[in-house]
Each structure stands twice: as C-alpha cells, then as structure tokens.
Amino acid sequence: MKYGKTRWLIGAAALLVLPLILQSFGNAWVRIADLALLYVLLALGLNIVVGYAGLLDLGYVAFYAVGAYLFALMASPHLAETFPAFAAMFPNGLHTSLWLVIPLAAMLAAFFGALLGAPTLKLRGDYLAIVTLGFGEIIRIFLNNLDHPVNLTNGPKGLGQIDSVKVFGLDLGRPLELFGFDLSSVTLYYYLFLALVLVSIVICQRLQDSRIGRAWMAIREDEIAAKAMGINTRNMKLLAFAMGASFGGVSGAMFSAFQGFVSPESFGLMESIMIVAMVVLGGIGHLPGVILGAVLLSALPEVLRYVAGPLQAMTDGRLDSAILRQLLIALAMISIMLLRPRGLWPVPEHGKSLARKT
C-alpha cells in the first residue's frame, strides 16, 4: 500500500515538473505536451462510446468542432462585427468566463451527441460507422459554408482574435513569473489541461464502476442479452453518445482558446480516424491504455518531424518529409497492432473475449 502511494506521488511530481523541463528545450515541446493532453481528453470521451458501449463512432471530431466554434463565437469579436443588433447589446463584446464555457460546451456537444445517437439506435458495426462518419463530414461542411447568406462561422477563413482563458483573474495567454521561474503561456495552459484530464479520468473511472458503466458493457458484449435482462438499451446508447460527446466539446473549447484561431480544416476526417486509432492502439475500454495510446499517437507525429527531415536530406529531397512522416507513423501502428492485437495496454478482463480462467 505504501509502495502504491509512493508511486502515485512520484507520478504526480513528474507531471508537475514536466513542462518546466520541456520549457528549457523550447516552448514547442511544451506545446506538444499541451496538444497531447487535449487528445487524451478526446480519447477518454470516445472510449465511453467505443470502449464501454461498443458503438463505433467515426464522426467524433464533430463534437470537437462544436465546442471549438462555441468558444470562438463567445470569445471573439466576430458576432459583434457581423450583427449590429448583437453589437448594440454587447458593445464591449462577449468575453465569456471559463466557468461558463466549460458547462456550455459540454451541454451543447452532448445535445449533438444525442442528436447523432437517436437515428442510429438500431444500427451496428459497419452501418453505424458509415452514418457517424457522414455526420462528422456534415458538421465540417456546414462550418465551411455558414458564411452566406448569414455569416455565422466565417466559412473557410475561420475565426480569429479569440480570447485566451482567464482563471481567477490570471490570463493564461500571458507569461507569469512565479517564485523566480518564468512560466510561459503554453506552460500555464498545460496545467489547466492537466487538471481537466485528471477530472475526466475520475469521471470515467466512476462511470466504469457504476450501474450505467456495467449496463454499457453488457450492451457491448451482447445487446440482445442485455435487453432481455431489463436494460433499457435505447436510453443507455443515447447516454453513451451524449456523455462521450461532452468530453469532445470541452476539449474543443480549450483547443479554441489555446490556438486563438479555428477553421474547418482542423476538424477533418483524419482527426476522427486518429482519435479512434488512439483508443484502439492503447487498449479499448482500458483507461491507462487509452491515455497511453493518445499520448503516443499525438506526440509521435511531432517527434518524427526530426526524423523525417534527415531522411529527406539523405534522398536529396526526392521524398516529401510530410509524406515520409505519415509513412513512419503508419509503419509504427502496423507493427504495434501485429505484435499487440489487443492494444499496448489491454484491459485485464474483457468479458467473453478471453479464455476462461483455470
């Protein structure tokens, strides 16, 4: 027991010190850590849908986009510049507080999650994947075209001048000097994202051990048997879509504040596929595995930038470094899935998929 507490304390200290160490090598490395935490938040949300309830969702990035655009509209001058009536009501602009943005983003994304789940209740497998994939693309196309006749999203030009997050009067967009240490903006965002990830992990853990979590897992293993045992599969599926989407909405809002700019290009099909790959690669339904998969797949492309450059130079520039980087990522994923088909850190017990213990 004492050893377990010591291990947790060491892990917590390492997470707190990590951005300070990375900062000494340049803010780019801290930025990679920030984006990795956002992807962890996304992967935890998708794990509720795919890992717990067994519903394949290839349009998860749509909820990420909904949260991002919600914060962008509420924390940028776009609405005041576009609509005179709005400017008359809020002459100084609508600078929304963090404590209002997070629940609003979660609720709006949950609404869209339930909206997606309602017509797909009787679909399974490939058919469900195709419908959710279409939903994700529809949201992206809407964001790309809602600049006419009413300019709501500014179309492909995107939304800029988004406010940074302010926590208890502290502007995370400005550097801070604390106890002689200079904390950059990306370092401050790291601690905010880390806090959100830790809260999300606690929520997911509690959900997993709750009656709702056990009902989701029963549906995942055998929906007909779950229904026969009295589980309301319709409500449970809708709840899984809504709960998972809420994580995506919060992550999108934080991404919008962190970047200061959003456009439809950030929410393409490849983003959805990468988030699904994080869950599958780490270990479906297993929280530590999902976190590991998210960190690896979000950080690996950035680290491979430093590998692809020299390889491109060795071929006298005949290979594009971006294409080479994607090739290296694909090879790494194929290798891992061949060696570890159930993921890097699979769930110890996965119902009937495991052989019975002797």
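Because the structure is a prediction, the values reported are computed rather than measured. Any value given below was found using the heavy atoms of this structure, including those in side chains, with hydrogens, waters and symmetry copies removed.
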Take Q161 and E81 through the test side-chain contact (heavy atoms from CB on, under 4.5 Å) and record every step on the way to the result. CA-CA 12 Å; Q161 298 178 289; E81 291 173 355; 4.3 Å; yes
Could you go step by step and tell me if L55 and V50 meet the side-chain contact (heavy atoms from CB on, under 4.5 Å) rule? CA-CA 5 Å; L55 305 169; V50 177; over 6 Å; no
I'd like to know whether I48 forms a side-chain contact (heavy atoms from CB on, under 4.5 Å) with L44, so could you lay out the CA-CA distance, the side-chain angles of the two residues, the decisive distance to 0.1 Å, and finally the verdict. CA-CA 7 Å; I48 291 176; L44 288 172; over 6 Å; no
Walk me through it: do S298 and L35 pass the test side-chain contact (heavy atoms from CB on, under 4.5 Å)? CA-CA 7 Å; S298 57; L35 291 176; 5.8 Å; no
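Grouping the Ile, Leu, Val, Met, Phe, Trp and Tyr side chains by contacts below 4.5 angstrom, directly or via other members, places L339 apart from L297. Neither V202 nor V40 shares a network with the other; the hydrophobic side chains, linked directly or stepwise wherever heavy atoms of I, L, V, M, F, W or Y lie under 4.5 Å apart, form separate groups for each. Linking Ile, Leu, Val, Met, Phe, Trp and Tyr whenever their side-chain heavy atoms come within less than 4.5 Å leaves L46 and L238 in two separate clusters. M270 and I141 end up in different hydrophobic clusters when Ile, Leu, Val, Met, Phe, Trp and Tyr side chains are linked at under 4.5 Å.
Going from atom CD1 of I275 over to atom CG of L42 covers 4.5 Å, rounded to the nearest 0.5 Å. Here I203 contributes atom CD1 and L198 contributes atom CG; the two are 11.0 Å apart, rounded to the nearest 0.5 Å. In this structure, R234 CZ and L239 CG are separated by 12.0 Å, a value rounded to the nearest 0.5 Å. Atom CG of L22 sits about 8.5 Å away from atom CD1 of I32, to the nearest 0.5 Å.
K227 pairs by the side-chain contact (heavy atoms from CB on, under 4.5 Å) definition with T233, not counting sequence neighbours. Scanning for side-chain contact (heavy atoms from CB on, under 4.5 Å) contacts around L133 gives L58, L269, with sequence neighbours left out.
Taking the six-membered ring for Trp and thresholds of 30 and 60 degrees, F267 and F255 have ring planes more than 60 degrees apart, a perpendicular arrangement. Taking the six-membered ring where tryptophan is involved, the planes of Y60 and F63 are perpendicular, since the angle between them exceeds 60° and thus also 30°. Using the six-membered ring where Trp is involved, Y64 and Y39 have ring planes that are tilted, between 30° and 60° apart.
Ion pairing of D34 with R31 is absent here, as no side-chain N (NZ or NE/NH1/NH2) approaches a carboxylate O to less than 4.0 Å. With respect to R140 and E265, no salt bridge is recorded, no charged nitrogen being found less than 4.0 Å from a carboxylate O.
No more than 12 heavy atoms of other residues, nucleotides or ligands lie within 6.0 Å of CD1 in I224, so this atom counts as exposed by the packing criterion. The local environment of CG in D126 is sparse, with at most 12 non-hydrogen atoms from other residues, nucleotides or ligands closer than 6.0 Å. Applying the 6.0 Å contact sphere to OH of Y127 captures no more than 12 heavy atoms from other residues, nucleotides or ligands. More than 12 non-hydrogen atoms from other residues, nucleotides or ligands lie less than 6.0 angstrom from CZ of F86. F111 CZ: 12 or fewer foreign heavy atoms inside a 6.0 Å radius.
Distance alone, capped at 3.5 Å, places no donor-acceptor pair between the S256 side chain and the G252 backbone. At distances below 3.5 Å, at least one donor-acceptor pair connects side-chain atoms of K237 with backbone N or O atoms of L121. Side-chain atoms of S185 come within 3.5 Å of backbone atoms of L172 as a donor-acceptor pair (strictly under, hydrogens ignored). Counting only distance, with no hydrogens or angles, the side chain of N154 and the backbone of K157 share no donor-acceptor pair below 3.5 Å. Listed for the S251 side chain is no donor-acceptor partner under 3.5 Å among the backbone atoms of G248. Between the side chain of T120 and the main chain of L123, no donor-acceptor pair closer than 3.5 Å is present. Between the side chain of D163 and the backbone N or O of H95, no donor-acceptor pair lies under 3.5 Å. S246 places no side-chain N or O within 3.5 Å of a backbone atom of A109 that could act as its donor or acceptor partner. Proximity of a side-chain donor or acceptor of T82 to a complementary backbone N or O of H78 within less than 3.5 Å is detected. Judged purely by atom type and a 3.5 angstrom limit, W216 uses its side chain to pair as donor or acceptor with the backbone of M236.
Counting all heavy atoms, side chain and backbone alike, M254 lies closest to L98 at CE-CD1, 3.6 Å. When all heavy atoms are compared, the tightest approach of D57 to F241 is OD2-CE2, 4.1 Å. Scanning all heavy atoms of the two residues, the minimum distance from P77 to G160 falls at CD-O, 4.3 Å.
Of the residues L73, V262, L146, the one that meets the side-chain contact (heavy atoms from CB on, under 4.5 Å) test with T153 is L146.
For the residue pair S184 / Q23, a side-chain donor-acceptor distance below 3.5 Å is found, with atom types taken as modelled.
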